[in-house]
Structures are given as C-alpha cells and as structure tokens.
Protein chains: 2
Amino acid sequence: MSLRTLSAHLGLSMAAISRVLSGSPAARSIPPATQERIFAAARELNYRPNLLARSLRRGQSTSVGVLIPDISEGYSAHVLAGIEETLSAAGYTLVMITHHYREEVLAKSERIFAERAVDAVILVGTNLHVYGTTPTVTVSCPDSHPGVTNIVLDHDRAAELALRHLYSLGHRNLAVIKGYKKSSDTERRWQSIERAAAMLGMTLPEERVVQLDDEQQTNEPGYRAMKKLMHQSREFSAVFAFNDVAAIGAIDAMRDAGLDVPEDVSVMGFDDVAFARVHRPSLTTVRQPLHRMGVLAANAVLEKLSQPGEKQTDEVEVVVEPELIVRATTRAATVCAAAEAA
Amino acid sequence: MSLRTLSAHLGLSMAAISRVLSGSPAARSIPPATQERIFAAARELNYRPNLLARSLRRGQSTSVGVLIPDISEGYSAHVLAGIEETLSAAGYTLVMITHHYREEVLAKSERIFAERAVDAVILVGTNLHVYGTTPTVTVSCPDSHPGVTNIVLDHDRAAELALRHLYSLGHRNLAVIKGYKKSSDTERRWQSIERAAAMLGMTLPEERVVQLDDEQQTNEPGYRAMKKLMHQSREFSAVFAFNDVAAIGAIDAMRDAGLDVPEDVSVMGFDDVAFARVHRPSLTTVRQPLHRMGVLAANAVLEKLSQPGEKQTDEVEVVVEPELIVRATTRAATVCAAAEAA
DNA sequence: TTGAAAGCGCTACCAA
DNA sequence: TTGGTAGCGCTTTCAA
C-alpha cells in the first residue's frame, strides 16, 4: 500500500495525496470534498505512510536517541518512563541504548545514533560524549556544555535537607556512602554533602566515608560498603547513602553485625524509588522527581526541535527541587552517640 | 558525508564502496588493496551509512517493535532488559511502545509499527492484537495464535510448586489474590492454581479469593485486595498473591490489622523481582526467569528473521520453568490454623 | 574487477 | 487547484 497505488486508485496525483495526508500547509488549497475523498480512500485501503521514506526525504526522522545506564530497575527506569510518555505522545520514537557503563558501548552509541539519523539525543546519568551538532539534552550530567540543556537536581539543597534533618535529630557523627565512581551524580553530590556538613559544623573524617564499588542495582554494593565502613569506624550515629538500594544494603550489613536501624543508627537514602516506601523499615530518603526529570528532558528536546536554526551556544541548566521524605529509618540520636558528639 | 562524497573522494563508484562497506558477498571480487583503501577513507572521513536509506532500499529496517505495559518497575523492565541486550547486540533497534493497558494505545500501536516498518514485533504481557504478516513473538500471551511464537511460564508447574510448599508446611486453608483482570497471566495462572488445589485436596471457596483492581505496580492494589479478603474471611493460614508487589501490599494490610507474617499467616509472592529478596521479611516467591524470557523472545525473533520466506503457520510455545524461592514469609501453619483445617 | 543506472516511497519545488 | 518530477542515500542488477 504505497502512495502510488493510492494515487492510481483515486485518479489523483501522488503530490496532492501526500499534501493532504501529511497535513502540509499546501493542503489548504485543495477543496474539502477532494480532501475527504482522499482521507476516505486512505482509511479504506489501510494506507500508512512509510516513515523511512518520509524521513529520508525530509531529512528528519522523528526519533530521539536515548542513552541510559540500565533499564531493569530504579533510577533510569523512572526517568525513561517520563521521556517515553512525553516523546511518544508527540509522535517521536526512541532509539534506546543501554550502556552499563561500558566504554565500548558509549563509543558505539554515537555511530548508532548517527546511522539511525536521530533528530536529538538525551543522555541519562551519563557523562557527555560528543554528538556533533545533534541537539542534546542531558539528565544529571556532571558538567555543563555549550548548547546542551542539562536537567539537574539541586544537590546543594538535597544535601542540606538531609543533613539538617539528621542534625536536628541530634546526629553529629555522620558516615557517608559515596556513589560508584562512574555514576554521573557521584562527585557533585559529594561536594554538596561536604558543603552542607561544613555549614552545620559536622565533620566528615576519611574513615567515615566509603564508596560503592559497583553500579549494580542490588543491595550488594551497599552491603559491602557498609562492611568496610564498620571496619574503619564505629563512631557514627547516622549514615547517608548514595541511593536507596545502597541504603538497604547498608541496613542489611548493620543488622548482620547486630546493629538495629533506626534504634542504633539512622539511615538516609536517596532517590525515593518505588520500594523505598515498601521496605521495612520504610526508608527516610531524599526524593528526586525522576519521572518529571524525564518529562522535562523530553520537553527540552521538543522545544529545541521546534525552533530549528536557532543554534544555542550557551549551556542551560534546568534545576529541579528535591524533597525530604521522612519515614522510619531516621530517629533521634541515641544518648550514647549524642554523648560522643558532645 | 554520503556515499557520493566518498565516491568522489576515492575516485571509485558508489557501487563498489557500498559493496565493500556493507559487507555484501559481491565484495569478494574486489581486491584487498582496494578494500583497504575504502575502509581507510571511510574511517578517516567518518562516514556512516544512512540506515534510513538502506532500510528503504532493502525493504527491512533492522528494527523490532516492542509493546509492553510499562517500563518503570518490575516485570516488564526485566523482560525488556533481556530483549534489549539481545537485539541490540544483533544490530537491531527497538521501537518501544508502552500501553498502560489503554485500548487507544493498543490500537495505535499497529499503525506506529507499520509506519516505522519494523521487521518484527514482540508483545510482552499483552493480549495479542493483529499485526498482519509481521513476524510476531509474544511473552506470556494467554492464547496461542498461528505463526506466533509464545514464551510462557509453565503455570501448572508454578502453581504446583507453590501449593505443595504451603501444603507441606501444613497449610490447608488457602486464600488467593488473583491478578488484575487485564493482565495477560491472570486467567491462566488462576486455572493452574485451581488445578493444583484440587490435586492436593485444598479447597478454594469464593470468599477466600479476591482480585487486584489495578495493574499499578505499587503495594496499594494488594493492600486493598487484602483488606477486602479479611473482610470476607479469616479462615486462611496462607495467602498466594499474584505478584510480589501485591504480596507486599497484603503483608502491609495484615500488619495494619494486627496479623504477623509469617507468624500468623504465610505469604507467597510471584515473579521474584529485585526487591523481593530485599524486603523484610524477605519474600517467599515463585521465580519467573523474566530476563531470560526476554532473551528467548529476542532470539525467537532473530531466528524468524534469519529464515525469511519460511512462513510458519503453527503456533509454537516455548515453555520456561519456574523456581520456588523459599525465604522468610512462609512457615509451618500455626496449631490453631491446622486445627481449623482438620 | 568495476561502473552505470534504476528505484525503494515519499515530499517539495516548479509549472500549468 | 492540481500534477510532473527531481531527488533524499542507499543497494543491486546488468552490462562492460
């Protein structure tokens, strides 16, 4: 079922039919009666324009490349859902690549996006690679780049919310589980935590800081990190984990070591993924509006595509606000821990 | 950077270059020296073939349509990850549509897949819609269809594993939370449960059966279902939930009603999604090899595409085996419950 | 061993 | 108001 067949069937030129069916402005000069006839025939013969051909001709594919670390759980999935909803409602298709932090995939992504002629690229939780002149939007990218819109959480605010909460509960000796070194938020978040700690007069000695050794979205990296932390120090009454899964892993490790959460130690997660609320004890955490960040990224792409030619060269940051979600893993520092701090 | 520019640059015909770069068999008759020259130039000038043009010409797009209920958590995400890994390793791209069980989206999906000229379609957890002659693979589709390969769990075996486990712990009075009515596994699973119950001599009176009222992947539908169940009957010592999130919702509802799991009631989940292990108490559940089901679906697609012409007309079922994962939410029936059953 | 040219299905320019 | 036609970038047949 191509335009040619339809044209033969209707006795009209392919040009006329194309104009009507693709909603071209030139269709205004075609009488309503003819238009109706065309629509009817298209419906009846079940005609679907071939988007490959249209894309080739128009030089745009109505598709957007999306590069994410993973889909199977948590962070990326929430963002991706927001992106998918928004872009597919606008008629776009995603060319999705998951990289699992592997260099080869990241390198190959550029080639794939170029071959598929995507109109724009969205990078989620990934350090920026080069995509030439393709309009680019990033989510949680650590650095700014000319012409790139970056959707980021206000990490300073997030760290402040978390630490103020712990401080107000009497916690002075904080331990931190930093993110996996390749995760895009790791450095930025850490700097914000240092700043907030300094502001509140909380110290963060080296032995109370550990780092996730894997990006794996299970509790294991958090479990290992906590083991290591407890080996280095016992002088903490609260732990701030890089994300919710790590927090849960940490809780498991402490339980196995005979420590109760929140009785002995308070734990703070990050992200507020779906199971944070469902976990027992339910997780106190800092919510990132992940779904909305996906929507914002998609909208930024759509905006860029709606005004072609206007090559922006300055970097734009869209900052979203975190939210403190207080649940069951944080409570007032025990007398003992408070005494230590004094 | 098109073939034409490359051709001009090399002083060779587009035909020759195309043959070499696309790995056509006809390239064998081109001397290695020339081939090397072509590869070098392509690399140097950063040439990427336009896949839109190639697809148009070849009549195949190296893309596969994937229709899933949702991406943000659990079931679909695990399957999707398996599909994505396998197909992207084979050079395919996904055209992904999430339908959230909405009829309009399901209807529109056919049009989108046709327009994007996907080579095949994979439907996950979705009742089959019509995709004409496009090679189709389904995951957990309730019915069989001519020419369609269906990847399914052995539900009879799954129900038997679960019920035998509960039976062996002394449970006789079982309650069941059926799946959301639109979920593709609901009916099939329910029939298997009835069969297994009959086999073991366990009864399933109406008042001990409830149904999820939403497909939402949170604990709320399970919470509501359990509330309703407790309103209808208290004569059960074990609950078999349709999936893990529902099981967790049910546990919450029982806790709020003063019942302890597993002390008073045993709970059995389904799927073994990531947080089932992490939840406290950790969930006894029937594991579906979701990731592998995704891989199998993708492989079935690749196989179909590798042997064109061979139109299969008989339905093929690929049956995968469930696995009983015993954790902390099931234990021996209390004396009281056992006495009631006697 | 290499090249010329047709044509995949569509859109957009120019002409009528 | 409508139609003819060139051409998007590629592959592949046929000819040399």
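Side chains are part of it too, since the values below use all heavy atoms of this structure and drop only hydrogens, waters and symmetry mates. Protein chains get the first letters and strands the later ones, always in sequence-line order, with residue 1 at the start of each.
- Side-chain contact annotation: B/Tyr101 with B/Thr126, donor-acceptor N/O pair under 3.5 Å absent.
- In this structure, the side chain of A/Thr186 engages the main chain of A/Tyr180 through a donor-acceptor pair within 3.5 Å.
- Here A/Ser2 lies in heavy-atom contact (under 4.0 Å) with sugar-phosphate atoms only.
- The distance between atom CD of A/Glu115 and atom P of D/dC8, rounded to the nearest whole Å, is 20 Å.
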Distances for protein N or O near nucleotides 13-16 of chain D N or O, under 3.5 Å:
{"residue": "D/dT13", "atom": "O4", "partner": "B/Arg19", "partner atom": "NH1", "Å": "3.4"}

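- Residue contacts shown for A/Thr34 are limited to sugar-phosphate atoms, with no base heavy atom under 4.0 Å away.
- Atom pair B/Leu3:CG and D/dG7:P shows a separation of 18 Å (rounding to whole Å applied).
- Applying the 6.0 Å contact sphere to NE2 of B/His145 captures more than 12 heavy atoms from other residues, nucleotides or ligands.
- In this structure, A/Asp119 contributes its side chain and A/Ser61 its backbone to a donor-acceptor pair below 3.5 Å.
- Considering every non-hydrogen atom in both A/Val152 and A/Glu317, the closest pair reads CG2-OE1, 3.7 Å.
- Using a 4.0 Å heavy-atom distance criterion, A/Leu51 is classed as making no nucleic acid contact.
- Of the possible polar contacts, none joining the A/His100 side chain to the A/Arg102 backbone as a donor-acceptor pair under 3.5 Å is found.
- In this structure, B/Arg111 pairs ionically with B/Glu115, as a charged nitrogen and a carboxylate oxygen lie closer than 4.0 Å.
- Nucleotide D/dT12 holds its C1' atom 14 Å from the CG atom of B/Leu56, rounded to whole Å.
- If you take CZ of B/Arg58 and P of D/dG9, they are 18 Å apart, rounded to a whole angstrom.
- Taking 4.0 angstrom as the limit, B/Arg4 places a side-chain polar atom (N or O) nearer than this to OP1 or OP2 of D/dC8.
- When rounded to the nearest whole Å, the span between CE of A/Met14 and C1' of D/dG3 equals 11 Å.
- With rounding to whole Å, B/Arg57 atom CZ is found 19 Å from D/dG7 atom P.
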Donor-acceptor list for residues 290-301 of chain A side chains, cut-off 3.5 Å, not counting sequence neighbours:
{"residue": "A/His291", "atom": "NE2", "partner": "A/Glu85", "partner atom": "OE1", "Å": "3.4"}
{"residue": "A/His291", "atom": "NE2", "partner": "A/Glu85", "partner atom": "OE2", "Å": "3.1"}
{"residue": "A/Asn299", "atom": "ND2", "partner": "A/Val295", "partner atom": "O", "Å": "3.4"}

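- Mapping B/Ala53 and B/Ser29 onto DNA chain C by nearest heavy atom places B/Ser29 at the nucleotide closer to the 5' end.
- Counting any heavy atom pair closer than 4.0 Å across all strands shown, A/Ser22 reaches sugar-phosphate atoms only and no base atom.
- Atom CD1 in B/Ile30 sits about 13 Å away from atom P in D/dT12, given to the nearest Å.
- Rounded to whole Å, atom C1' of D/dG7 lies 15 Å from atom CG of B/Leu52.
- Along DNA chain C, read 5' to 3', the first and last nucleotides having any atom under 4.0 Å from a heavy atom of chain A are C/dC8 to C/dC13.
- Residues A/Thr136 and A/Leu123 have side chains in contact (heavy-atom distance under 4.5 Å, counting atoms from C-beta outward).
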